[in-house]
Novice: 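The structure follows.
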2 protein chains.
Amino acid sequence: MARAATTSDAFNAVAEPRRRHILNYLAMRERSVTEIVDAMAIEQPSVSKHLKVLKGVGLVEVRREGRKMFYTVNANAIRPLHEWTSTFERLWKHQLLRIKERAEANDAQKP
Amino acid sequence: MARAATTSDAFNAVAEPRRRHILNYLAMRERSVTEIVDAMAIEQPSVSKHLKVLKGVGLVEVRREGRKMFYTVNANAIRPLHEWTSTFERLWKHQLLRIKERAEANDAQKP
DNA sequence: TTGACATATTCCTATATGGGAATATATTAA
DNA sequence: TTAATATATTCCCATATAGGAATATGTCAA
């Protein structure tokens with residue numbers, strides 16, 4: 001079996017850094033394809049392809065206005081990723097605490 | 001150009017659902033490869049390959065004990081994903097608020 | 001040393017990219 | 001209608017899978 005399709009879910013879709021950049025850019029506000037192309041250093045066909053992937057997993061939504069297409073982030077589609085990573089928050093906080101404790105123990109030893 | 005390697009960063013590594021399952025399982029505590037194989041419904045060679053990818057991006061660490069290898073999550077490597085998704089938190093909260101407001105406005109109209 | 005156990009690696013293959021180039025489609029303006 | 005603008009799609013190709021099967025490596029026990 002090959003790797004899962006980029007359109008299979010949000011996890012696969014945001015694995016591509018350019019798609020994350022596009023989402024970051026759209027986080028400010030709605031943007032047309034041309035604006036995205038100008039902001040990133042990517043060719044227009046590539047941008048359209050990335051937008052298609054993002055749309056496929058519901059990470060963006062589109063609105064037409066004349067010949068322009070305006071894309072917006074659908075933040076809700078990012079929540080599953082946020083929630084999955086949150087399950088490890090307790091762990092890294094605990095790990096940081098242990099590192100801090102070790103550092104303080106060292107400081108106490110050699111004044 | 002092809003898709004970025006699964007070992008290029010944590011984003012690509014966790015795009016694969018079985019690797020997320022492994023990380024979830026390791027979140028409880030350290031586990032040997034055999035324990036992981038028994039817990040998931042995956043063949044041992046596949047598990048070893050997934051662990052290699054996870055190790056490649058620093059998402060897990062290994063410790064040998066006799067012929068067993070014990071893997072642990074390195075939660076810190078998940079933080080970049082958490083932080084990236086957090087930049088959209090404001091957006092989905094805002095979107096939820098608007099949905100709620102609309103619902104309340106509807107309720108007020110038809111008693 | 002030999003065998004058993006635990007884990008990793010290699011080889012194979014179908015599949016899905018992402019970029020570049022060229023082209024198609026849609027919409028507005030003249 | 002025709003030209004121009006805005007966006008999407010298609011074709012081509014090098015590359016990287018993920019799983020299955022077989023095998024290799026490493027470690028302990030007898």
Side-chain angles (χ1 to χ4, degrees), chain A residues 1-23 25-26 29-73, chain B residues 1-23 25-26 29-73:
Chain A
M1 200 186 290
R3 213 198 302 198
T6 55
T7 49
S8 51
D9 59 31
F11 283 94
N12 279 281
V14 306
E16 163 65 45
R18 290 162 211 283
R19 283 197 284 268
R20 289 202 300 280
H21 287 156
I22 290 175
L23 292 174
Y25 186 59
L26 295 178
R29 60 181 172 81
E30 189 184 54
R31 298 285 190 175
S32 71
V33 176
T34 303
E35 283 177 307
I36 301 171
V37 170
D38 291 347
M40 325 272 121
I42 324 177
E43 296 298 315
Q44 176 268 314
S46 279
V47 170
S48 282
K49 284 179 218 165
H50 284 313
L51 288 170
K52 188 179 185 177
V53 171
L54 292 172
K55 184 144 185 294
V57 297
L59 278 164
V60 298
E61 274 158 22
V62 211
R63 178 177 69 81
R64 156 159 273 156
E65 194 178 305
R67 35 190 160 178
K68 293 190 178 170
M69 301 291 268
F70 286 94
Y71 283 83
T72 48
V73 182
Chain B
M1 198 188 291
R3 212 200 298 201
T6 55
T7 48
S8 51
D9 58 30
F11 283 94
N12 278 280
V14 306
E16 163 65 44
R18 291 163 211 283
R19 284 197 284 268
R20 289 201 301 280
H21 288 156
I22 291 176
L23 292 174
Y25 185 58
L26 295 179
R29 59 180 173 82
E30 189 184 55
R31 299 285 190 175
S32 72
V33 176
T34 303
E35 283 177 306
I36 301 171
V37 170
D38 291 347
M40 326 270 122
I42 325 178
E43 296 297 315
Q44 176 268 314
S46 279
V47 170
S48 282
K49 284 179 218 165
H50 284 313
L51 288 170
K52 187 179 186 179
V53 171
L54 292 172
K55 183 143 184 293
V57 298
L59 277 165
V60 298
E61 275 157 23
V62 210
R63 178 177 69 83
R64 155 159 274 155
E65 195 178 303
R67 34 191 160 177
K68 293 190 179 173
M69 301 291 268
F70 286 94
Y71 283 82
T72 48
V73 182

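Below, chains carry the letters A, B, ... as their sequence lines are ordered, and counting in each starts from 1.
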Novice: Rounded off to whole Å, could you give me the CE-to-P distance for the A:Met40 and C:dG18 pair?
Specialist: 16 Å
Novice: Taking N and O atoms by type only, does the side chain of A:Arg67 place a donor or acceptor under 3.5 Å from a partner on the base of D:dT5?
Specialist: yes
Novice: Give the minimum heavy-atom separation between B:Val57 and B:Thr7, together with the two atoms involved.
Specialist: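 Closest pair (atom of B:Val57, atom of B:Thr7, distance): CG1-O, 3.3 Å.
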Novice: Under 4.0 angstrom, heavy atoms only, what part of the nucleic acid is A:Ser48 near: base, sugar-phosphate, or nothing?
Specialist: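 It contacts base atoms.
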Novice: Please tell me which of A:Ile42 and A:Arg64 maps to the more 5' nucleotide of DNA chain C, matching each residue to the nucleotide holding its nearest heavy atom.
Specialist: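 Nearest nucleotide further toward 5': that of A:Ile42.
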Novice: Return the OG1 to CZ distance between A:Thr34 and A:Phe70, rounded to the nearest 0.5 Å.
Specialist: 9.0 Å
Novice: Within the structure, does a side-chain N or O atom of B:Tyr71 lie under 4.0 Å from either OP1 or OP2 of C:dA6?
Specialist: no
Novice: Between the main-chain N or O of A:Val14 and the side-chain N or O of A:Arg20, is there a donor-acceptor pair closer than 3.5 Å?
Specialist: yes
Novice: Which nucleotide wins on minimum distance to the side chain of B:Ala5, given the candidates D:dA16, C:dT7, D:dA8?
Specialist: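 The closest nucleotide is D:dA16.
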Novice: Reckon B:Met1 touches a base, only the sugar-phosphate, or nothing at all at heavy-atom distances under 4.0 Å?
Specialist: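 Here B:Met1 touches the bases of the nucleic acid.
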Novice: Could you point out which residue of A:Arg18, A:Lys55, A:Arg19, A:His21 forms a side-chain hydrogen bond (donor to acceptor under 3.5 Å, both in side chains) with A:His50?
Specialist: A:Arg19
Novice: Indicate yes or no for a side-chain donor-acceptor contact from B:Arg31 to the backbone of B:Leu26 under 3.5 Å, with no hydrogens or angles considered.
Specialist: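 Here the side-chain-to-backbone pair does not exist.
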Novice: Please give me the minimum heavy-atom distance between A:Asn12 and A:Ala5, naming the atom from each residue.
Specialist: CB-O, 3.5 Å
Novice: Ignoring backbone atoms, test whether A:Thr6 places a side-chain nitrogen or oxygen under 4.0 Å from the OP1 or OP2 oxygen of C:dT17.
Specialist: yes
Novice: Counting only heavy atoms not in B:Glu30, do more than 12 sit closer than 6.0 Å to its CD atom?
Specialist: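 It does: B:Glu30 CD has more than 12 such atoms within range.
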Novice: In terms of the nearest nucleotide of DNA chain C, which residue is placed more toward the 5' end: B:Ser32 or A:Arg3?
Specialist: B:Ser32
Novice: For DNA chain D, what residues of residues 7-19 of chain B have any heavy atom nearer than 4.0 Å?
Specialist: B:Glu16, B:Arg18, B:Arg19
Novice: Is the base of C:dG20 touched by the side chain of A:Lys49 through a donor-acceptor pair closer than 3.5 angstrom?
Specialist: yes
Novice: Atom NZ of B:Lys68 to atom C1' of C:dC5: distance rounded to whole Å?
Specialist: 10 Å
Novice: Let me confirm one number: the CD1-OH distance from A:Ile36 to A:Tyr71, rounded to the nearest 0.5 Å.
Specialist: 7.5 Å
Novice: Grab the CD-C1' distance between A:Gln44 and C:dA24 for me, whole Å please.
Specialist: 12 Å
Novice: I need the CD-C1' distance between B:Glu35 and C:dC5, as an integer number of Å.
Specialist: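 My rounded result for the distance is 15 Å.
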Novice: Starting at atom CG of B:Leu51, determine the distance to atom P of C:dA6, rounded to an integer number of angstrom.
Specialist: 16 Å
Novice: Looking at the side chain of A:Ala2, which of C:dA6, D:dT9, C:dA16 is the nearest nucleotide?
Specialist: C:dA16
Novice: Under 4.0 Å between a side-chain N/O of B:Ser46 and OP1 or OP2 of D:dA18, yes or no?
Specialist: no
Novice: Can you measure B:Met69 atom CE to D:dC28 atom P for me and round it to whole angstrom units?
Specialist: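 To the nearest whole Å, that distance equals 12 Å.
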Novice: Quick check on DNA chain D: between A:Lys52 and B:Glu43, whose nearest nucleotide comes earlier from the 5' end?
Specialist: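 Result of the comparison: A:Lys52.
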